Amino acid sequence: MGTFGLFLAIALVSVAGMTIGSFFSLSFRERLLFAWPIGAGVVSLQMFFYSLASIRFSPAVIVLPWIVLVAVLVVRRIQAFFSKAAQGGAWSFSFSTKYAANRAIALSYLELALVFVIVFQAVFSLVNLVALPIQGYDTWVIWFLKARAFFIDGGVSVAFLSDPVYSNANPGAYEYPLLVPLLVSAGYVFMGYVDDRLVKIFFWVYYLNLLGAFYYFVRPFSTRLVALILCVMLATVPRVMEQAAFGGAGYADLPLAVYFLSAVGFGFRYFQGGKKGDFLLSALFLSIGAWTKSEGITFLATVLVIMSAYAVYTRRSEGIKAAVPAVVIAVVFVLPWQLYVLMLPKLSFTMVSELSVATVLSNMERLPFIFKVILPKLFTANKYHIAWALYVVLTAWGFRSFVRRGYAFLQAALWIQLSFYIFVYVITPFDLKPHIETSFDRLTIHLLPIAFLCMAVCWQDIFGGRAVGADNGRVEVYTPCN
């Protein structure tokens, strides 16, 4: 089906995401915004289950369950409509956007300029993605080569993943979770052939999601101008653009950043509003993040433990009712692949193969060297412009933000995950400096959007309604989802 098939795959993933989003009481606009990241998670997991059942990939078998599910939901909605009408209800449709009624529509010239920059970055990213071939080593070996194999084999197979020719080329690559290769493979399946350049459009959609989700989470408590300024800063970070438009396109780090941001964004809303729907949405994005990359597993464990403990402590039985289904969601996304990995050959040499108390204690002397290497990276303009420097300044200046409900949660999620990354450097058996040089800039992409979210909170707490660009001296707020 060629290019049409690729756009059909995008449509399928989006419809799947919107369908799943409807179970979480999201409004239509919210379902549309998060359709792609949710859909990518559930469709890739569906394809993995097909592989377990020995069902070969094809457009028909991937689409069919979603046609059935959408049809069932439509029939139920029609039945509910006529049932309400028969009971004397109003014959009208109402689509809740859950936005405040008195929202300013007109944009200032500065706001229009900022929107133009965002649009320009999006177009620039798309043109480069389609024009350039895949370049990154990990893009090829870990993600796209798997996608080709799954497309050719019609599914995930132990034979390919355990093949010495593949596994010896990059030890441990076959143990990485499969969202990205299965998503790319779905693109090949719908196109009918392999086209690495076109399928990179999937990662462009993730780039749009990153910016849209960031604005969505910041706007309720910030002015529009401040939200747009921070969004432009995030959109233009060189390391982000590296994965959104250049040689890093195709890595799983940009998708993982979207899942991390969405998870803590809904978690922040839960801390503020206590809505069960926000807790479950956070758990959903945490779980899909763990299905995207191994780093997502530690983030899932950290954030889910923090949120569950807070929920049970503050809301007792209601907290338990939120935490239990959240754990179930995590099990559905994480456990099948972890059990599958047990069938693969065991590795004797990995980043954590030498983990022991003795190793940790003896390698603590590495910490000064680790910080000496990573700190200059964070404050290098051609990598992150002023992002991390601004984060440090605003965090220090706005230290009173820690009393705001949920802000400490954002900072804890960021710093605990960063601590895990540093801990791996402490115990790694690989040559330390090359290990840091080839990985740290990608790892920070996972955390950068969270840092920007922290900056937005601090900015509002420091300047409040007096911030430049404040909308009539006030900040608009909307009600979180139920």
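In this text the structure is predicted, and so the values were computed from the model without any measurement.
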State the [atom1]-[atom2] distance between [X] and [Y], to the nearest 0.5 angstrom.
| X | Y | atom1 | atom2 | answer |
| --- | --- | --- | --- | --- |
| S51 | F49 | OG | CZ | 10.5 Å |
| D431 | I436 | CG | CD1 | 9.5 Å |
| Q411 | C454 | CD | SG | 4.0 Å |
| T395 | F399 | OG1 | CZ | 12.5 Å |
| L256 | L443 | CG | CG | 9.5 Å |
| S282 | F271 | OG | CZ | 9.0 Å |

Judged by modelled atom types alone, do [X] and [Y] share a side-chain donor-acceptor pair under 3.5 Å?
| X | Y | result |
| --- | --- | --- |
| W140 | Q135 | no |
| S44 | W291 | yes |
| Y207 | Q243 | no |
| T444 | Y384 | yes |

Please check this pair: side chain of [X] against backbone of [Y], looking for a donor-acceptor N/O pair closer than 3.5 Å.
| X | Y | result |
| --- | --- | --- |
| W337 | F48 | no |
| T302 | T298 | yes |
| S222 | V218 | no |
| T428 | F430 | yes |
| K293 | A252 | no |
| E111 | S108 | yes |
| D253 | I445 | no |
| D195 | R197 | yes |
| K433 | F369 | no |

Smallest separation among heavy atoms of [X] and [Y], with atom names:
| X | Y | result |
| --- | --- | --- |
| A413 | V264 | CB-CG1, 3.9 Å |
| I306 | A412 | CD1-CB, 4.3 Å |
| F57 | V156 | CZ-N, 4.3 Å |
| K200 | P133 | NZ-O, 3.5 Å |
| F333 | G41 | CE2-O, 3.8 Å |
| Y215 | R224 | OH-CG, 3.3 Å |

| Do R56 and Y50 pass the side chain to side chain contact (heavy atoms under 4.5 Å, CB included) test, and can you show the C-alpha distance, the side-chain angles, and the key distance before you say yes or no? | CA-CA 7 Å; R56 288 187 61 85; Y50 279 169; over 6 Å; no
Table please: side-chain donor-acceptor pairs of residues 226-239 below 3.5 Å, with sequence neighbours left out.
unit_1: T236; atom_1: OG1; unit_2: V232; atom_2: O; d: 2.8
unit_1: T236; atom_1: OG1; unit_2: M233; atom_2: O; d: 3.2

Is the shortest side-chain heavy-atom distance between [X] and [Y] below 4.5 Å?
| X | Y | value |
| --- | --- | --- |
| N209 | V205 | yes |
| Q417 | V303 | no |
| F144 | V194 | no |
| F266 | F279 | no |
| F440 | Y421 | no |
| L414 | F260 | no |
| F423 | L418 | no |
| P255 | P37 | no |

| query | Please walk me through it: do I38 and R31 pass side chain to side chain contact (heavy atoms under 4.5 Å, CB included)? | reply | CA-CA 9 Å; I38 294 175; R31 293 201 302 270; over 6 Å; no
| request: Return the orientation label for the F203 and Y206 ring planes: parallel under 30°, perpendicular over 60°, tilted otherwise. | output: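 If you compare the ring of F203 with that of Y206, the planes turn out tilted.
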| How are the rings of F34 and F217 set relative to one another: parallel (under 30°), tilted (30 to 60°) or perpendicular (over 60°)? |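 Tilted: the ring planes of F34 and F217 meet at 30° to 60°.
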| Is the shortest distance from a Lys or Arg side-chain nitrogen in R442 or D138 to a carboxylate oxygen in the other one below 4.0 Å? |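 Yes, charged N to carboxylate O under 4.0 Å.
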| Salt-bridge contact E437-K377 (side-chain N to carboxylate O under 4.0 Å) |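 A salt bridge is present here (some side-chain N lies under 4.0 Å from a carboxylate O).
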| ring-ring contact (aromatic ring centres under 6.0 Å, His included) involving W415 - partner list, sequence neighbours excluded |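 Scan of W415 (ring-ring contact (aromatic ring centres under 6.0 Å, His included), adjacent residues dropped) gives none.
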| request: State which residues pass ring-ring contact (aromatic ring centres under 6.0 Å, His included) with Y425; sequence neighbours excluded, sorted by chain then number. | output: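 Counting only residues at least two positions away or on another chain, Y425 forms a ring-ring contact (aromatic ring centres under 6.0 Å, His included) with H435.
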| message | If the condition is salt bridge (charged side-chain N to carboxylate O under 4.0 Å, His left out), which residues does R404 pass it with, not counting sequence neighbours? | response |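 Testing R404 for salt bridge (charged side-chain N to carboxylate O under 4.0 Å, His left out), a comparison that skips the adjacent residues, returns D461.
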Side chains of residues 181-191: which donor-acceptor pairs under 3.5 Å do they make with residues two or more places apart or in other chains?
unit_1: S185; atom_1: OG; unit_2: F151; atom_2: N; d: 3.4
unit_1: Y188; atom_1: OH; unit_2: D196; atom_2: OD1; d: 2.5

| field | Worked check of side chain to side chain contact (heavy atoms under 4.5 Å, CB included) between L161 and K146 | value | CA-CA 8 Å; L161 293 175; K146 284 181 183 176; 4.2 Å; yes
| task | Given side-chain hydrogen bond (donor to acceptor under 3.5 Å, both in side chains), test H446 with Y259 step by step and report yes or no. | result | CA-CA 9 Å; H446 312 162; Y259 293 120; over 6 Å; no
| request: Report, as yes or no, whether the 6.0 Å neighbourhood of atom CE on M343 holds more than 12 heavy atoms from other residues, nucleotides or ligands. | output: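 It does: M343 CE has more than 12 such atoms within range.
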| field | Residues, nucleotides or ligands: over 12 heavy atoms within 6.0 Å of Y193 OH | value |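 Result for OH/Y193: enclosed.
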| message | Run the side-chain hydrogen bond (donor to acceptor under 3.5 Å, both in side chains) test against Y340 and tell me which residues pass, sequence neighbours left out. | response |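 Result, side-chain hydrogen bond (donor to acceptor under 3.5 Å, both in side chains) vs Y340: none returned.
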| ring-ring contact (aromatic ring centres under 6.0 Å, His included) between Y251 and W143, worked out | CA-CA 7 Å; Y251 279 73; W143 312 118; 8.2 Å; no
| request: Take V63 and L8 through the test side chain to side chain contact (heavy atoms under 4.5 Å, CB included) and record every step on the way to the result. | output: CA-CA 10 Å; V63 169; L8 183 61; 5.6 Å; no
| Would the W397 and F463 ring centres measure less than 6.0 Å apart? |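 Aromatic pair counts; centres sit under 6.0 Å.
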